[in-house]
Number of protein chains: 2
Amino acid sequence: MSRTPSSSSPAASAGAPGQSSVQPVQADPADPAAAAAAARAGEGPSIAGVAERAGVSVATVSRVLNGHDNVRPATRDKVLAAIDASGYRVNELARNLRTAESRLLLTMVPDFGNPFYAEIVRGIDTVARQHGYFMLLCDTGADPGRERSYFDMLRRRRADGAICLDPATIQQALGEASQALPWVACCEFDPAVGVPYVGIDNYRAAGDAVRHLLARGHRRIGLINSDVDYLYARQRQQGYLDALSDAGIEPDPRWRMNLNSLDYEAGATAAAALMQQPDAPSAIFAVSDTLAIGVIHGLRSVGKRVPDDVAVAGFDDISLAAQIDPPLTTIAQPMRELGETAARLLLQRLANPQANVPGVLLPHRLVVRRSA
Amino acid sequence: MSRTPSSSSPAASAGAPGQSSVQPVQADPADPAAAAAAARAGEGPSIAGVAERAGVSVATVSRVLNGHDNVRPATRDKVLAAIDASGYRVNELARNLRTAESRLLLTMVPDFGNPFYAEIVRGIDTVARQHGYFMLLCDTGADPGRERSYFDMLRRRRADGAICLDPATIQQALGEASQALPWVACCEFDPAVGVPYVGIDNYRAAGDAVRHLLARGHRRIGLINSDVDYLYARQRQQGYLDALSDAGIEPDPRWRMNLNSLDYEAGATAAAALMQQPDAPSAIFAVSDTLAIGVIHGLRSVGKRVPDDVAVAGFDDISLAAQIDPPLTTIAQPMRELGETAARLLLQRLANPQANVPGVLLPHRLVVRRSA
DNA sequence: TTGAAAGCGCTAACAC
DNA sequence: GTGTTAGCGCTTTCAA
């Protein structure tokens, strides 16, 4: 990642891309005019105060602030000096109203405590900041009501665009009313909604995981899935089903479980339950690493060794996956890139509202470790 | 995809701002005036459009919008109907400028991928939203430059207040220039900076952990610490040192390590290194659970069993701590409450800038599991 | 190259 | 109760 070799830090220029940096400077405590202006404004001087101090018009100050080049160097210096001396900071509330943009990007996640989302969010944040936007992170808890209310922030102009990681079912409902709103889908998407998206091929990825288990000689393979509200859950389930069928195995419904949570706890409980039945699976495919980690714990709690008694495969390849015992075999998703791509798609859509922004699928990868 | 003149969605067709075409949701596609107005406004009607439609003044609409009670019910209904029919949404950009507040709270964390911070952030978010604020999450990477630039958002009026979870050293530098800015410190704080804070008694907590190890019969106890830039790192180290001394043990410097990361990976590497030396510790106290989990992994990689060969204690009690093998003995921090309290302190400071907001210390708790 | 002035959409005095 | 109006601080024509 290359950085501008100037003195301004990357984030410092973030708020106002392409504008001259305003240095943090102590206001001159002995200047009565500045003091009066400050008192009037409640908080530091306004652009008018700077103009007065520099002996120019507000228009000129604005030009300098925004890095326009039609300002005589001498004038610019005067203005810069006045800005410096007064400790002026641009009021983004005013600028935002005037330019009719908030420079905020909304990111809606079902659960930002989940390490999988955390990494995606980081990708979004990086790209957003590179382009002078800030990211407003919203935890929806996958609740349609909250989802909808956050979405409304777009209409209220509180955010310029949104990235949605919530279930496709929710997006669908949202989509009907909001085709025209500037948003993109990440990980979860319904191509039918007609909204730009980025994700992976969940069907094939799940198949890859199951085929790996099959290659290891397993025939009774369990599936610990999340809520089927999620598109990925349905797609991965289908991938699992078809991979088994293709291997000539009739999938037993008793091997499958649907959970309404991705917590470690949920995985542990489910695994223990799975093992209760006769002819229990000799391998388990969990649709998320957090679930898989819980599964390993649950297995251990009922006296099963991993992978000797039961093999476990996860999904996502969060950083933790390599650290647990045994290290987790899993499907790696390019989390960072997922986030970065989502942000870029959104920015693209913002820059050119009528452009036809595509859906994109990123590659996944099977990572074989010791758990399966 | 081209723009469809027909079936315009309620939101899209909402407009006819500042003009008298009063009609139901469906805009007349053949009305050039409406089209022009919509194009000009770019996005839906303004308060003036609603006023016109309802046959009242903008002041009245504003009153209804803000729930003032000095509006005749009949009038209010008219206005509500007009709002409804036009699909009006308040423009918060304008409102924010007028009221001189952004209703955004900034939260600065060194690393939001860390589950410890994630839970705190959730606490902040909950309280913020209860009070009509949104939370802007900023990952500083504990970089002073980025820290400072985020801080400047307060001065640029982009956020109304901030909660800082970054190292105390950074806060100190910030504090000098920003005593007056509305912010509070969470977890990390320097009482000398004179800023409201919430945290725990790290010194005593670390002592509790070490005393537990001592009680288990360990004499050679290692410390895997983070960067001493963090106040908590220094406090926990002192707690560790004093607990050993109090037990009549001369702490060996070779038992201590300082890491510049809290990643699992870092803990694993450090633990492996610690074990290389003769007379290696029989117990390790890691100042964070993520580190401790890495430590367990690292120990295992050099053939040590936990807790039989080496006992491990962590700090934080993230949800994962109970799930790994062996389950982690750790110091529980009230993460959620930490976040909630921080948010409340900030809100309090915002509501009453000159009030003397206190520093508060929340209780911790030793959680004994199998790792030590 | 610079300045004057018109708003962006909203809230809140201040009148009536 | 309701309307009129003056800005909030900024950007951006349009003239000079």
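Computed from heavy atoms alone, side chains included, the values below leave out hydrogens, waters and symmetry copies. Below, chains carry the letters A, B, ... as their sequence lines are ordered, and counting in each starts from 1. This structure is a prediction, so every number in the text was calculated from the model and none was measured.
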| query | Does B:D152 come within less than 4.0 Å of A:R89, counting only side-chain N to carboxylate O? | reply | yes
| Which residue, A:L97 or B:H68, contacts DNA chain C at a nucleotide closer to its 5' end, judged by nearest heavy atom? | A:L97
| said: Quiz question: going by heavy-atom distance under 3.5 Å, is there a donor-acceptor pair between the base of C:dG3 and the side chain of A:R63? | reply: yes
| Picking from C:dG3, D:dT11, D:dT2, which would you name as closest to the side chain of A:T99? | D:dT11
| query | Base, sugar-phosphate, or nothing: which does A:V56 touch, judged by heavy atoms less than 4.0 Å apart? | reply | sugar-phosphate
| message | As a test of reading the structure: which of C:dG9, C:dG3, D:dT11 is closest to the side chain of B:A94, going by heavy atoms? | response | C:dG9
| D:dG9 P sits how many Å from A:L93 CG, rounded? | 10 Å
| SB check B:E92 A:R157 (cutoff 4.0 Å) | no
| query | Considering only D:dG9, C:dC10, C:dT2, which nucleotide approaches the side chain of A:R98 most closely? | reply | D:dG9
| Nearest-Å distance for atom pair CG/P, residues A:L65 and D:dG9 | 14 Å
| Contact class for A:A100 vs. all strands (heavy atom < 4.0 Å): base, sugar-phosphate, or nothing? | nothing
| query | Given atom CD of B:E92 and atom C1' of C:dC10, what is their separation to the nearest angstrom? | reply | 12 Å
| request: List the steps and the verdict of side chain to side chain contact (heavy atoms under 4.5 Å, CB included) for A:L105 and A:L136. | output: CA-CA 6 Å; A:L105 259 30; A:L136 197 55; over 6 Å; no
| field | Whole-Å gap separating P (C:dC10) and CD (B:E52) | value | 14 Å
| field | cation_pi(B:R122, A:F112) dist<6.0 Å, angle<=45 | value | yes
| message | Between B:T60 and D:dG3, is there a contact of a side-chain N or O with OP1 or OP2 at under 4.0 Å? | response | yes
| said: Tell me the interatomic distance from A:I47, atom CD1, to C:dG3, atom P, rounded to whole angstroms. | reply: 12 Å
| said: From C-beta outward on B:N70, which listed nucleotide comes closest to its side chain: D:dC10, D:dT4, D:dT2? | reply: D:dT2
| query | A:W183 vs A:F151 aromatic rings, parallel, tilted or perpendicular, using cut-offs 30° and 60°? | reply | perpendicular
| said: Using whole Å, what does the distance between atom P of nucleotide D:dT13 and atom CG of A:N66 come to? | reply: 12 Å
| request: Measure from the side chain of B:S46, starting at C-beta and using heavy atoms only, and say which of D:dT11, D:dT4, C:dC10 lies closest. | output: C:dC10
| Could you give the CG-to-C1' distance, from A:N91 to C:dC8, as a whole number of Å? | 14 Å
| query | Which whole-number value in Å describes the distance from B:N96 CG to D:dC10 P? | reply | 15 Å
| said: Is there a side-chain contact between B:T75 and the phosphate of D:dT2, meaning an N or O under 4.0 Å from OP1 or OP2? | reply: yes
| said: Does C:dT11 have OP1 or OP2 under 4.0 Å away from a side-chain N or O of B:R95? | reply: yes
